[in-house]
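Below, all heavy atoms of this structure are taken into account, side chains as well, without hydrogens, waters or symmetry copies.
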There are 2 protein chains.
Amino acid sequence: MDGPLVDKGPGKAQYPLVKEGRCRNCTRREGTLCDVLTCDELDRLDGFMMIATFDPGQTIFFEGDNLTNYYNITEGVIRLIKLLADGRRAILDFLYRGDFLGLNAKGQYAYSAEAITPVRLCRFPRPQLQAMFADTPKMEGRLLGIYTDKLVANQQRLTDLARKSPRERLATFLLDLAKKDGLRCGDGGILLPMSREDISDFLGLTIETISRTFSAFSKEGLLEIQQRKKVNILEAEKLEAIAESL
Amino acid sequence: MDGPLVDKGPGKAQYPLVKEGRCRNCTRREGTLCDVLTCDELDRLDGFMMIATFDPGQTIFFEGDNLTNYYNITEGVIRLIKLLADGRRAILDFLYRGDFLGLNAKGQYAYSAEAITPVRLCRFPRPQLQAMFADTPKMEGRLLGIYTDKLVANQQRLTDLARKSPRERLATFLLDLAKKDGLRCGDGGILLPMSREDISDFLGLTIETISRTFSAFSKEGLLEIQQRKKVNILEAEKLEAIAESL
DNA sequence: CGTGGGTTTGAAAAACGTCAACGTAAGTGG
DNA sequence: CCACTTACGTTGACGTTTTTCAAACCCACG
């Protein structure tokens with residue numbers, strides 16, 4: 001039970017697992033699935049929960065794999081990926097601390113998940129968590145709320161991809177990032193955990209267009225870029241006006 | 001209770017409502033929210049359900065309106081719409097018989113809904129349906145399943161919008177339509193209920209690009225178009241190859 | 001039979017992607 | 001500790017695709 005899991009993909013490192021779950025004392029429940037549970041219920045969860053960690057670039061699971069585990073992110077950033085048959089890539093979402101991971105498409109993962117930064121996860125085997133769902137309706141209700149919010153967010157993203165220009169998309173993206181804490185560094189700047197290629201696959205553009213648009217924003221004095229990853233938004237209102245086509 | 005509701009938007013016709021719900025004898029429960037209910041529970045639902053009908057082009061509700069009612073579609077086709085500030089339009093989804101309608105974004109509708117064909121709906125006031133959800137966990141579980149499937153579908157669509165070419169998008173769209181029955185007419189042809197503009201707003205393209213791509217498919221012998229709305233897919237495998245970039 | 005909205009088609013322009021070269025920051029091994 | 005390497009990012013020139021603008025067309029409707 002405490003040993004590493006089997007390999008998933010070709011050349012994949014084994015999962016580093018540590019049995020140390022102390023759900024009852026967890027300080028990161030806010031807004032997550034386990035937020036609604038009593039102490040007893042948290043102990044039950046604890047009984048089958050495992051901590052897993054991943055290094056940047058590691059794959060947590062692949063699209064189409066049998067769905068064996070659900071996860072909660074307690075630390076780090078993850079990208080959700082879908083590929084077309086010829087290798088073109090789309091990033092569905094970036095996930096952060098507190099996000100729930102493991103969308104069920106007929107018993108299989110609906111997307112691949114990869115760590116962008118060092119990541120720490122609570123891992124729940126599917127049978128046990130589903131059994132707990134069945135016994136704990138409020139937990140199911142919580143997941144329904146989470147999925148409702150995800151649907152709303154995805155529909156905004158569909159609208160953006162269908163109808164916004166590259167400038168508008170990047171402005172929208174940066175402002176959304178700025179709303180997340182955990183990325184903020186000191187002076188109101190944000191530290192982008194993802195590469196330009198990640199951003200381009202998220203926004204449906206090329207890496208060059210992303211780069212050019214960053215440069216344009218910078219030249220126009222809307223923002224400041226330091227060492228490529230750190231962005232200071234200087235003119236939030238103007239950026240907002242671009243994002244919302246006002 | 002049996003009278004018409006108040007107007008919603010400017011110049012909106014009043015809602016035509018008929019009290020005749022007989023959930024217990026309903027023949028269209030398959031795959032819907034009410035599929036899981038017992039006879040007694042169906043009677044409870046019946047108690048606050050109303051039938052509503054809409055003509056083509058009528059708006060059922062607007063994005064941002066207070067969410068007062070949920071709906072089940074029993075007949076017809078609906079488009080879900082989001083607008084940008086300057087009027088650019090995106091169609092999030094087309095909904096058909098059996099689909100559940102009324103995504104909750106903080107107490108407001110997350111999108112506008114408009115009838116494309118004559119539409120018949122079961123209408124459930126929010127307080128009553130939510131009370132029933134609270135008492136009937138399996139109903140909540142059913143909705144969770146429905147939303148899970150919607151999320152999976154939306155993620156495929158995000159991938160398509162981000163990375164597929166116009167040809168690939170239209171091929172994907174047509175093959176998806178062909179899978180729905182209710183649109184099939186006799187000889188394996190499909191009857192498109194939506195306009196070219198609807199399709200372009202769904203696929204994130206212009207109406208001209210849609211039209212040209214239709215013409216190209218037709219010239220290549222992949223399909224046949226009759227009277228603009230009726231499409232016969234002649235070479236499903238080739239269209240599949242285009243859609244899946246094989 | 002005429003009218004008009006939706007659709008198709010064509011030509012021109014713009015936007016974005018592609019290709020290629022160059023820069024830059026971080027990491028590695030001597 | 002520094003030069004070398006490498007991966008990532010930026011910039012420029014160019015080509016293609018898609019949009020835009022405009023006109024013609026066609027079917028459905030009155």
Q | Atom-to-atom span, CG of Asp201(A) to P of dC8(D) - whole angstrom | A | 13 Å
**Q.** Nearest-Å distance for atom pair CG/C1', residues Leu203(B) and dT18(D)
**A.** 14 Å
Q) How many Å lie between CZ on Arg163(A) and P on dC16(C), as a whole number? A) 13 Å
Q.
Using a 4.0 Å heavy-atom cut-off, does Leu205(B) contact any base of the nucleic acid, only the sugar-phosphate backbone, or nothing at all?
A. sugar-phosphate
**Q.** Lys150(A) and Asp93(A) ion-paired at < 4.0 Å
**A.** yes
**Q.** Selected nucleotide, minimal atom distance to Arg196(A) side chain, candidates dT10(D), dG5(C), dT19(D)
**A.** dT10(D)
Q | Candidate nucleotides dC16(C), dT20(D), dG9(D), ranked by approach to the side chain of Arg228(A) - the nearest | A | dG9(D)
Q. OP1 or OP2 of dT19(D) less than 4.0 angstrom from a side-chain nitrogen or oxygen of Thr206(B), does that happen here?
A. yes
Q.
Quiz question: going by heavy-atom distance under 3.5 Å, is there a donor-acceptor pair between the base of dG9(D) and the side chain of Arg212(A)?
A. no
Q. Whole-Å distance between dC27(D) P and Ile225(B) CD1?
A. 12 Å
Q. Do Met194(A) and Ile199(A) touch side chain to side chain, with heavy atoms closer than 4.5 Å?
A. yes
Q: State whether Ser165(B) places a side-chain N or O below 4.0 Å from either non-bridging phosphate oxygen (OP1 or OP2) of dT17(D).
A: no
Q. NZ of Lys164(B) versus P of dT17(D): gap in Å, rounded?
A. 19 Å
Q) Would you say dG9(D) has OP1 or OP2 under 4.0 Å from some side-chain N or O of Lys229(A)? A) yes
(Q) Expressed as a whole number of angstroms, how long is the span from Met194(B):CE to dG6(C):C1'? (A) 16 Å
Q | Gap between atoms CD and P, on Glu197(B) and dT19(D) respectively (whole Å) | A | 14 Å
(Q) Heavy atoms only, 4.0 Å cut-off, all strands: where does Thr209(B) land among base, sugar-phosphate and nothing? (A) base
Q) For the side chain of Gln227(B), counting heavy atoms from C-beta on, which of dA28(D), dG9(D), dT18(D) is nearest? A) dA28(D)
Q. Nearest-Å distance, CD1 (Ile210(B)) to P (dT9(C))?
A. 14 Å
(Q) From C-beta outward on Glu208(A), which listed nucleotide comes closest to its side chain: dT18(C), dC16(C), dG5(C)? (A) dT18(C)
Q | Heavy atoms from other residues, nucleotides or ligands near NZ of Lys238(A) exceed 12 (cutoff 6.0 Å) | A | no
Q: Give the nucleotide from the list dG9(D), dT7(C), dC16(C) with an atom nearest to the side chain of Ile207(A).
A: dG9(D)
Q. Does Arg169(A) come within less than 4.0 Å of Asp160(A), counting only side-chain N to carboxylate O?
A. no
Q: Tell me what Ser211(B) touches on the nucleic acid: a base, only sugar-phosphate, or nothing, going by heavy atoms under 4.0 Å.
A: base
Q. Quick one: are Tyr111(A) and Ile81(A) in side-chain contact, heavy atoms under 4.5 Å?
A. no
